[in-house]
Amino acid sequence: MKTLTGVGIQKRSITILVGAIVLLGLLLIRVAWIQVINGEEYSKNAALQQTKDIVISSKRGTIYDRNMNELAKSASSETVTVSPREIKESGKINDIASGLAAILKMDKDKVYATLAKDSSYEVVKRKIDKDQADAIRKESYPGVVLVEDFKRYYPGGTLASHVIGFVGTDNQGLAGIEMIYENYLKGLPGRIITAKNAAGSDMPYKYEKYIDPQNGVNIVLTIDEVIQRKAEDSLQKAVEKYNVQNGAACIIMGAKTGEVLAMATYPTFDLNTPFTIMNEEKKAQIEQIENEKQRSQATSDELNRQWRNKAVVDSYEPGSTFKAMVAAMALEENLVNLNENFVCSGSVQVANYNIGCWNRSGHGTETFVQGVYNSCNPVFMSIGSRLGATNFYKYYKSFGFGSTTGFDLPGEAPGVFHSMDRFNEVELATASFGQGFTVTPLQLVTAYSAITNDGYMVKPRLIKSLVDDDGNVIENFEPEKIRQVVSKETADTVCQILEGVASDGTSKNAYIEGYHIAGKTGTSEKTPRGNGKYVASFVGFAPADDPELICLIMLDEPMGSSYMGGAIAAPTFKEIMSDVLVYMQIKSDSSPKYNFVPNITGQTLEEAKNSLTAAGFKSVVMGEGTSVVSQSPAVGTALGDNAIVVVYTEPVAEDYVVVPDLNGYYASDANQLLVNAGLNIKVGGAYMVSSSVLVGTQDPPAGTEVPRGSVVTVEYNYTTNVH
């Protein structure tokens with residue numbers, strides 16, 4: 001038997017010591033690895049095991065029109081959240097998945113997958129209805145929590161849809177103002193952080209931390225709800241009347257402020273169901289596509305067309321509406337005087353091209369002013385030649401064309417112009433009467449502001465102010481001048497000339513009795529030339545001697561014999577602005593008496609009758625209900641004393657009446673005929689009755705069936721025989 005010597009004991013001790021040191025070193029390395037390298041991950045996992053974190057949605061800011069009418073608001077709702085760990089620990093994951101799927105009408109496998117995740121917080125479904133929330137509460141599922149949420153609601157439905165935009169299921173803005181001002185509107189979410197003990201159960205309330213959500217900021221738009229409705233209704237009427245194939249746009253802007261009072265695009269869509277295709281024909285065609293991928297792509301393409309804001313995104317050749325800018329260029333450069341004579345033979349030879357006037361037989365000898373009245377292409381080609389390519393392009397850029405305005409909505413297009421190395425004699429000639437390049441409706445109405453605002457172009461804008469929930473103003477947005485394009489003298493002269501265009505020239509169909517109207521029509525042929533497709537447009541402003549409002553109408557691809565801007569866009573301007581000028585209380589020469597139809601929808605029947613009586617109207621009640629569900633004519637319509645407003649107390653079919661024949665009656669007698677028929681009268685461009693004139697024409701025609709309370713427009717005729 002061997003015995004350990006002193007040396008042997010010493011060696012063994014050293015071996016044990018070295019082993020202990022190595023082991024300790026490995027332990028230290030492991031601890032360091034856990035704390036330094038994987039520390040963040042372990043801390044996160046520990047926090048998940050020890051706490052439950054629930055997100056509380058913030059209330060999205062309200063979007064108002066300029067008169068504080070709600071255009072977009074958030075209604076209280078609830079969201080279903082779960083703690084998967086707690087549910088798995090309860091051992092009831094399958095039962096809870098089945099129960100939630102049945103109540104929420106969801107696929108069970110999808111719900112189960114959410115409940116099986118390795119986390120302490122997941123969202124199952126947002127914005128559920130009250131019945132579903134009550135059913136979930138009744139079951140008292142462990143690990144299932146209902147959290148207050150908010151659902152976006154748009155009271156106007158289709159109203160200003162391309163301006164306001166919409167949100168997704170997570171309340172994030174996806175289009176329009178909702179998207180561009182997301183950071184203002186969304187607010188900051190709150191949180192409930194609850195501590196859990198070693199067994200995974202919630203700790204007492206004192207261990208819970210609550211972080212309040214912060215509501216979003218409210219936005220006040222420059223849009224006027226009444227003017228917006230009028231623009232949309234008239235635009236739809238024009239599209240249907242003139243068989244417009246590719247949509248239409250209208251912009252009404254403050255001539256001195258740049259405030260956009262209305263921006264309408266047709267077709268429109270319902271903001272409450274933005275992912276539903278409104279065009280039933282297109283919808284049916286897409287549903288017939290068997291290939292799922294192709295059907296999905298077709299749906300996406302159609303929705304993008306539906307959401308497209310034609311007034312901002314689309315560009316087109318402006319045609320003769322651009323001649324106002326060319327006239328201003330020539331006057332500013334002293335290249336023409338008002339009484340200078342030009343000769344139009346019907347065409348002009350430019351290089352190797354014979355470029356015609358719209359009047360192929362020619363206008364003969366005419367002054368510069370008459371040339372503008374006649375919208376004569378040869379006159380403007382002559383002016384373009386005098387300006388030269390460099391000078392023309394300088395003013396083109398100065399009027400804001402070729403670049404975006406910095407507007408509040410997404411997708412603004414800059415338009416397309418010739419490159420300077422290819423802007424030669426022929427291109428200059430056609431550009432001088434508004435063809436060969438493209439602009440957007442927004443650019444064109446902004447350029448006109450330089451004419452209406454003493455030569456200073458103003459920036460178009462949609463935001464009036466930001467306010468808190470108590471109505472306190474956080475920030476006001478003031479008018480902004482971009483630059484001076486022409487002198488005040490030039491601007492005033494162009495205004496005077498354009499007033500003559502509306503009273504004696506190609507824009508006579510835009511004339512409104514009692515008002516000084518100025519404007520210019522446009523008819524541009526779309527490329528490729530000769531395809532029979534046109535854009536009819538009109539830009540006008542009023543009053544001509546002191547402009548307050550600019551209105552642009554653009555009708556894309558009208559079909560049929562009536563496709564000229566003067567024949568269809570100018571009357572649409574008149575249809576809209578006849579009401580808007582009255583509504584804005586812009587004084588006319590004839591100073592008609594009028595009252596505005598109040599908003600009675602939602603009132604009790606008694607309240608509605610009192611409101612109408614106080615506003616100077618008579619009422620006709622349709623239905624047996626006790627509260628008002630709809631009305632006719634629309635809110636804000638200007639009518640004379642004792643005009644009729646039809647009050648619907650239940651969703652019944654509209655009551656139709658036959659329009660009587662008014663031809664040759666005195667206006668006062670015609671009014672009585674219409675009142676007896678349950679209709680209202682519009683005379684000479686203003687809602688009024690004159691006893692000294694005779695009715696010549698009417699719209700709708702005699703014999704037409706229209707809803708009771710509708711407005712019949714009549715025109716003066718001083719020579720018609722009296723019945």
Side-chain angles (χ1 to χ4, degrees), residues 51-62 70 72-117 119-155 157 166-174 178 185-194 196 200-202 205 208-216 270-276 469 602:
T51 62
K52 181 169 66 176
D53 191 352
I54 299 175
V55 177
I56 305 173
S57 297
S58 57
K59 183 180 180 182
R60 194 171 178 84
T62 300
E70 293 178 332
K73 61 181 181 179
S74 293
S76 182
S77 180
E78 290 185 273
T79 288
V80 183
T81 70
V82 294
S83 172
R85 286 199 179 98
E86 191 172 337
I87 289 174
K88 284 184 283 186
E89 289 170 1
S90 71
K92 299 179 179 179
I93 184 170
N94 190 63
D95 292 340
I96 295 174
S98 298
L100 289 179
I103 295 171
L104 300 175
K105 298 178 181 178
M106 294 176 65
D107 180 72
K108 181 191 172 183
D109 291 340
K110 185 176 180 180
V111 175
Y112 189 94
T114 301
L115 270 54
K117 290 184 178 180
S119 70
S120 60
Y121 175 78
E122 295 292 335
V123 174
V124 177
K125 190 172 184 179
R126 298 181 185 276
K127 301 172 182 58
I128 65 172
D129 60 42
K130 184 178 183 301
D131 290 341
Q132 290 174 324
D134 289 343
I136 292 173
R137 285 194 183 90
K138 184 178 179 181
E139 296 296 333
S140 298
Y141 293 125
V144 178
V145 179
L146 293 175
V147 179
E148 184 182 17
D149 200 351
F150 296 95
K151 184 176 182 180
R152 204 62 163 165
Y153 175 64
Y154 302 93
F166 53 90
V167 299
T169 55
D170 58 355
N171 255 3
Q172 182 178 2
L174 298 180
E178 292 276 32
L185 290 164
K186 69 179 180 180
L188 293 174
R191 311 185 85 84
I192 300 175
I193 302 173
T194 305
K196 295 191 292 185
S201 302
D202 288 342
Y205 178 77
E208 182 176 273
K209 184 177 182 181
Y210 184 90
I211 302 173
D212 286 318
Q214 296 180 24
N215 292 344
D270 192 335
L271 291 171
N272 293 304
T273 55
F275 295 95
T276 298
D469 288 339

Set of residues satisfying side chain to side chain contact (heavy atoms under 4.5 Å, CB included) with respect to Lys186, sequence neighbours excluded: Arg60, Glu182, Asn183

Partner set under ring pair (Phe, Tyr, Trp, His ring centres under 6.0 Å) for Tyr112, not counting sequence neighbours: none

By salt bridge (charged side-chain N to carboxylate O under 4.0 Å, His left out) - contacts of Lys138 (at least two apart): none

For Lys125, side chain to side chain contact (heavy atoms under 4.5 Å, CB included) partners two or more places apart: Leu104, Met106, Ile128, Gln132

Partners passing side chain to side chain contact (heavy atoms under 4.5 Å, CB included) against Leu174 (at least two apart in sequence or in another chain): Phe166, Phe275

For Asp129, salt bridge (charged side-chain N to carboxylate O under 4.0 Å, His left out) partners two or more places apart: none

Atom pair OG (Ser76) and CZ (Phe150), whose distance is rounded to the nearest 0.5 Å: 5.5 Å

Residues which pass side-chain hydrogen bond (donor to acceptor under 3.5 Å, both in side chains) with Glu122, listed by chain and number, not counting sequence neighbours: Ser119

Heavy-atom side-chain proximity of Thr79 to Val123 below 4.5 angstrom: yes

Closest non-hydrogen atom pair, Glu70 against Pro155: O-CG, 3.7 Å

Contact list for residues 95-109, test side-chain hydrogen bond (donor to acceptor under 3.5 Å, both in side chains), sequence neighbours left out: Asn94-Lys108, Ser98-Lys108

Test side-chain hydrogen bond (donor to acceptor under 3.5 Å, both in side chains) applied to Thr62 - qualifying residues, sequence neighbours left out: none

Smallest separation among heavy atoms of Gly187 and Ser58, with atom names: C-OG, 3.7 Å

Set of salt bridge (charged side-chain N to carboxylate O under 4.0 Å, His left out) partners for Arg126, sequence neighbours left out: none

Within-4.5 Å side-chain heavy-atom neighbours: Pro142 and Ile96: yes

Heavy-atom pair of closest approach, residues Tyr153 and Asn272: CD1-OD1, 3.5 Å

Minimum heavy-atom distance between Gly99 and Tyr141, given as atom pair plus value: CA-OH, 3.3 Å

Sequence-distant partners of Lys127, salt bridge (charged side-chain N to carboxylate O under 4.0 Å, His left out), two or more places apart: Asp149

Atom pair CG/CD1 of Leu100 and Ile87 - distance to nearest 0.5 Å: 7.0 Å

Polar side-chain atom of Thr81 near backbone of Val145 as donor-acceptor pair, under 3.5 Å: yes

Residues which pass side-chain hydrogen bond (donor to acceptor under 3.5 Å, both in side chains) with Glu139, listed by chain and number, not counting sequence neighbours: none

Closest contact, heavy atoms only, Gly61 versus Arg152: O-NH2, 2.7 Å

